[in-house]
Amino acid sequence: MIKPTAVAQKKAGKILDRILEEGYLIISLKMVHLCKRDAEAFYSIHKDRPFFAELTSYMSSGPIIAAILQKNNAVDDYRTLIGSTNPADAAEGTIRKLYGTDLGKNAVHGSDSDENAEVECSFFFSGMEKMKWK
Ligand code: IDP
Ligand code: MG
């Protein structure tokens with residue numbers, strides 16, 4: 001996902017271009033404005049964390065762009081490409097360092113395992129839209 005601030009700041013094109021340059025295929029892509037309940041469902045894994053309300057309010061504050069990306073070792077390589085959760089700690093040249101502004105507004109989301117990627121792709125996309133992924 002490209003998060004609301006990065007979309008509002010018109011960074012989506014640059015972020016997607018970088019992802020393509022790094023060798024990912026974009027299998028599916030859409031822009032949607034999540035409601036609070038959608039954001040709570042997507043981030044339900046974090047429901048007991050102190051930042052859950054802040055996170056889900058933010059993620060429902062404006063449109064996001066969701067994508068299914070395909071590449072060998074996609075999850076691990078994408079985590080390296082985006083950098084640490086806090087942009088201040090992210091390595092130079094990473095997407096969060098380049099386009100993130102703080103811990104919440106850190107430009108992009110990334111799945112943390114193949115298993116969660118499957119769940120998260122299914123949250124946004126139908127079977128038809130995921131067709132080429134498997
Ligand atoms: P990740 O996005 O790097 O996987 P997670 O720990 O899964 O990081 O947290 C999900 C998102 O919640 C982060 O991307 C970040 O925007 C937000 N977040 C994490 N920790 C905090 C916090 O302590 N305060 C506010 N937001 C946080
Ligand atoms: Mg995470």
Side-chain angles (χ1 to χ4, degrees):
M1 256 193 290
I2 302 176
K3 295 192 178 186
T5 307
V7 173
Q9 293 177 341
K10 303 183 179 175
K11 301 301 184 192
K14 288 189 171 64
I15 292 170
L16 288 171
D17 192 45
R18 175 69 187 281
I19 288 167
L20 290 168
E21 276 178 11
E22 298 288 337
Y24 292 83
L25 283 178
I26 298 174
I27 300 297
S28 303
L29 185 69
K30 70 165 81 164
M31 182 183 286
V32 284
H33 190 157
L34 301 175
C35 69
K36 186 82 159 51
R37 279 176 61 187
D38 295 328
E40 288 169 354
F42 183 84
Y43 280 111
S44 61
I45 194 168
H46 294 313
K47 67 177 170 9
D48 296 325
R49 307 285 287 278
F51 56 85
F52 184 66
E54 181 188 344
L55 172 63
T56 54
S57 291
Y58 171 59
M59 291 303 294
S60 55
S61 68
I64 60 89
I65 293 175
I68 297 180
L69 305 176
Q70 184 179 57
K71 181 182 165 312
N72 287 333
N73 201 37
V75 167
D76 286 348
D77 286 356
Y78 184 78
R79 301 295 304 197
T80 302
L81 173 62
I82 67 177
S84 300
T85 304
N86 190 338
D89 302 329
E92 289 300 327
T94 60
I95 290 174
R96 282 172 164 170
K97 185 70 165 190
L98 288 167
Y99 303 112
T101 50
D102 61 47
L103 184 53
K105 299 178 178 69
N106 58 359
V108 288
H109 168 81
S111 302
D112 62 8
S113 66
D114 287 354
E115 187 184 26
N116 282 338
E118 170 103 40
V119 172
E120 293 178 353
C121 291
S122 297
F123 181 87
F124 283 109
F125 298 101
S126 72
M128 179 271 290
E129 291 165 315
K130 295 193 302 180
M131 210 149 52
K132 287 200 288 182
W133 173 33
K134 293 273 167 108

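Heavy atoms only: backbone and side chains are in, while hydrogens, waters and symmetry mates are out. Keep in mind the model is a prediction, meaning the values are calculated, not measured. Read the numbers this way: they start at 1 and go in the same order the structure lists the ligands and their atoms.
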Subject >> ligand 1 versus R96: contacting region, heavy-atom distance under 4.0 Å >> reply: side chain

Original post:
Does ligand 1 have a heavy atom under 4.0 Å from the side chain of L55, from its backbone, from both, or from neither?
Top reply: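 The part of L55 near ligand 1 is the side chain, not the backbone.
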
Subject >> Minimum side-chain heavy-atom gap I64-I2 below 4.5 Å >> reply: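 Answer no - side chains too far apart.
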
Closest protein heavy atom to [atom], given as residue, atom name and distance to 0.1 Å:
| atom | value |
| --- | --- |
| atom 16 (O) of ligand 1 | L103 O, 2.8 Å |
| atom 10 (C) of ligand 1 | H46 NE2, 3.6 Å |
| atom 20 (N) of ligand 1 | F51 CE2, 3.4 Å |
| atom 3 (O) of ligand 1 | T85 OG1, 2.5 Å |

Subject >> NZ or CZ of K105 within 45° of Y58 ring axis and under 6.0 Å >> reply: yes

Subject >> F125 six-ring centre to K130 NZ/CZ under 6.0 Å and within 45° of normal >> reply: no

Original post:
Counting from 1, what ligand 1 atoms have a heavy atom of G104 closer than 4.0 Å?
Top reply: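 This gives 16 (O) as the contact atoms.
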
**OP:** Would you mind listing which atoms of ligand 1 come within a distance below 4.0 Å of any non-hydrogen atom of N106?
**Re:** 13 (C), 14 (O), 15 (C), 16 (O)

Indicate whether any N or O donor in one side chain lies under 3.5 Å from an N or O acceptor in the other, for [X] and [Y].
| X | Y | result |
| --- | --- | --- |
| S111 | E120 | yes |
| S60 | K36 | no |
| E54 | S57 | no |

**OP:** Could you check which of H109, R79, R49, K3 puts a non-hydrogen atom nearest to atom 1 (P) of ligand 1?
**Re:** R79

**OP:** For the pair H46 and F51, name the ring-plane relationship: parallel under 30°, tilted 30 to 60°, perpendicular over 60°.
**Re:**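 Tilted, since the angle between the ring planes falls between 30° and 60°.
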
